[in-house]
Amino acid sequence: MKFIDEYRDPELAQEYAQAIARLTTRPWTLMEICGGQTHAIVKYGLDELLPREITLVHGPGCPVCVTPVELIDQALAIAARPEVIFCSFGDMLRVPGTARDLFMVKASGGDVRIVYSPLDCLKLAQANPDKQVVFFAVGFETTAPANAMAVYQAAQQGIENFSVLVSHVLVPPAMEALLSSPACRVQGFLAAGHVCTVMGYSEYEPLAVHYNVPIVVTGFEPLDILQGVLMCVRQLEEGRAAVENQYARSVRRDGNVPAQQIIQEVFRIVPRKWRGIGEIPQSGLGLTERYAAFDAGVRFGVADYTAAEDSECISGLVLQGIQKPHECPAFGARCTPERPLGAPMVSNEGACAAYYRYRRLQAAVGAQAR
């Protein structure tokens with residue numbers, strides 16, 4: 001397959017792994033930011049190709065995983081209302097709130113629908129003028145432009161029965177929060193390539209300098225990730241800390257300026273609570289005053305909801321790279337994709353889901369081979 005197989009070549013992967021091994025003289029701990037990178041690492045066993053001195057830990061880059069439980073409860077309350085068509089991307093439907101999830105609301109009669117674009121919600125609103133159409137706007141900088149465009153177009157077209165429940169989060173403040181923590185053991189980052197496709201990477205440069213930490217913008221295929229590791233380890237071994245761009249086929253330093261402009265038109269930077277981590281200053285997006293009428297949390301009177309997280313779920317420690325999924329006592333026993341304690345077990349980008357799906361499969365294949 002053109003432009004896919006080239007990035008999954010097993011012989012080249014071995015060459016990268018050998019190059020990393022030759023370069024490595026001491027232990028280093030690297031964090032990949034994005035859950036998509038985590039799944040690629042676990043699926044292809046990339047961490048097992050690396051020398052034992054290199055430890056990969058998994059970051060808070062799964063947008064579903066970091067959505068706080070009170071936002072899930074707000075979504076559940078809105079979705080249960082009879083006048084509402086509640087729209088979401090599919091992987092949010094099984095994320096547990098304090099008592100249930102969106103699938104349960106749908107099973108009990110709620111009109112919950114999976115959409116593939118927030119712009120689809122505008123068509124739904126126009127086709128159902130007697131209903132309130134609400135979109136669960138979750139994600140990092142990657143999905144923010146499309147969500148902002150939906151709100152912008154709703155305003156331009158005078159669609160008043162459309163609103164968004166916003167839970168957007170931003171990557172650089174989360175990285176700074178991790179680096180500021182006394183528990184941080186991350187010495188280098190593989191930054192999420194798709195986020196940088198939108199935002200560029202200039203905002204990472206102060207972080208690299210202030211915390212003396214290499215940051216390599218990295219893609220998502222196996223060879224992307226191995227090359228990102230190689231570039232990061234090379235900086236560490238040479239005593240450098242800079243931002244480098246492995247994903248140059250997609251990312252430019254200044255990013256996608258029109259996409260940034262629509263984000264700035266519709267959203268403003270706000271404090272945001274992250275599941276398992278807590279509130280991080282200036283780490284989220286909320287609607288600007290001009291578009292405040294499209295705020296579903298205010299429209300349906302749920303914006304002040306608070307909720308306690310499941311005390312048994314260690315998702316916060318996993319998302320900060322302090323522990324790995326299989327180190328959780330509940331992993332694969334009291335927490336499974338069928339009965340999750342937290343979002344990382346059911347999200348398509350969740351670290352716990354990756355370990356459950358791929359490491360269990362590898363164990364089964366190994367057992368059959370024996």
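Both backbone and side-chain heavy atoms feed into the values below; hydrogens, waters and symmetry mates do not. Sequential numbering from 1 along the given sequence is applied to the chain's residues.
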Do other residues, nucleotides or ligands put more than 12 heavy atoms under 6.0 Å from Q157 CD? yes
Could you check whether atom CZ of R339 has more than 12 heavy atoms from other residues, nucleotides or ligands sitting under 6.0 Å from it? no
May I ask you to decide whether [X] forms a salt bridge with [Y], counting only side-chain N to carboxylate O separations under 4.0 Å?
{"X": "R8", "Y": "E221", "result": "yes"}
{"X": "R334", "Y": "D310", "result": "no"}
{"X": "E203", "Y": "R253", "result": "no"}
{"X": "R268", "Y": "E289", "result": "no"}

Looking at [X] and [Y], what are the two nearest heavy atoms and their distance?
{"X": "E279", "Y": "P271", "value": "OE2-CB, 3.6 Å"}
{"X": "C121", "Y": "V133", "value": "O-CG1, 3.7 Å"}
{"X": "Y204", "Y": "A191", "value": "CE2-CB, 4.3 Å"}
{"X": "Q246", "Y": "T218", "value": "OE1-CA, 3.5 Å"}
{"X": "L319", "Y": "R275", "value": "CD1-O, 3.7 Å"}
{"X": "G342", "Y": "C313", "value": "CA-SG, 3.8 Å"}

Derivation and outcome, side-chain contact (heavy atoms from CB on, under 4.5 Å), residues L190 and V217: CA-CA 6 Å; L190 306 183; V217 179; over 6 Å; no
Are [X] and [Y] joined in one hydrophobic group, where the rule is that I, L, V, M, F, W and Y side chains link up if heavy atoms are under 4.5 Å apart?
{"X": "F294", "Y": "V138", "result": "no"}
{"X": "I322", "Y": "L56", "result": "no"}
{"X": "V42", "Y": "V57", "result": "no"}
{"X": "V134", "Y": "V115", "result": "no"}
{"X": "L230", "Y": "L226", "result": "yes"}

For side-chain contact (heavy atoms from CB on, under 4.5 Å), just list the numbers for R240 and N212, CA-CA rounded to whole Å, side-chain angles, deciding distance to a tenth of an Å, and then say yes or no. CA-CA 8 Å; R240 296 187 294 115; N212 194 35; over 6 Å; no
Do [X] and [Y] make a side-chain contact, defined as non-hydrogen atoms from C-beta onward lying under 4.5 Å apart?
{"X": "V84", "Y": "D111", "result": "no"}
{"X": "L236", "Y": "P214", "result": "yes"}
{"X": "V151", "Y": "V164", "result": "yes"}
{"X": "S88", "Y": "I114", "result": "no"}
{"X": "L285", "Y": "N147", "result": "no"}
{"X": "D101", "Y": "L93", "result": "no"}
{"X": "M175", "Y": "I33", "result": "yes"}
{"X": "F135", "Y": "S117", "result": "no"}

Ring centroid separation for [X] and [Y], is it under 6.0 angstrom?
{"X": "H39", "Y": "F220", "value": "no"}
{"X": "F300", "Y": "Y305", "value": "no"}
{"X": "H326", "Y": "Y355", "value": "yes"}

Does the ring pair (Phe, Tyr, Trp, His ring centres under 6.0 Å) test come out yes or no for H168 and F267, once each step is laid out? CA-CA 10 Å; H168 274 298; F267 293 124; 5.3 Å; yes
Residue set satisfying side chain to side chain donor-acceptor pair (under 3.5 Å) with R185, at least two apart, ordered chain then number -> none
What residues form a side chain to side chain donor-acceptor pair (under 3.5 Å) with S181, not counting sequence neighbours? none
So, taking the atom named [atom1] in [X] and the one named [atom2] in [Y], what distance separates them when rounded to the nearest 0.5 Å?
{"X": "S315", "Y": "L341", "atom1": "OG", "atom2": "CG", "answer": "9.5 Å"}
{"X": "Y16", "Y": "D9", "atom1": "OH", "atom2": "CG", "answer": "10.5 Å"}
{"X": "R272", "Y": "L170", "atom1": "CZ", "atom2": "CG", "answer": "9.0 Å"}
{"X": "L50", "Y": "Q18", "atom1": "CG", "atom2": "CD", "answer": "12.0 Å"}
{"X": "M104", "Y": "R94", "atom1": "CE", "atom2": "CZ", "answer": "9.0 Å"}
{"X": "C232", "Y": "I215", "atom1": "SG", "atom2": "CD1", "answer": "9.0 Å"}

Evaluate side-chain contact (heavy atoms from CB on, under 4.5 Å) for E309 paired with T98, printing each intermediate quantity in order. CA-CA 7 Å; E309 298 177 2; T98 51; over 6 Å; no
Under 3.5 Å donor-acceptor, S108 side chain and V105 backbone: yes
Main chain of A343, side chain of S347: is a donor-acceptor contact present, judged purely on distance under 3.5 Å? no
Run the numbers on F136 and I72 for side-chain contact (heavy atoms from CB on, under 4.5 Å), then give the verdict. CA-CA 9 Å; F136 201 175; I72 304 296; 4.2 Å; yes
I want to check a possible cation-pi pair here: R81 against F86, using under 6.0 Å from ring centre and within 45° of the ring axis as the test. no
Does the ring pair (Phe, Tyr, Trp, His ring centres under 6.0 Å) test come out yes or no for F189 and Y211, once each step is laid out? CA-CA 12 Å; F189 283 103; Y211 292 97; 9.3 Å; no
Name the residue from V243, T142, V251 that meets the side-chain contact (heavy atoms from CB on, under 4.5 Å) definition with C196. V251
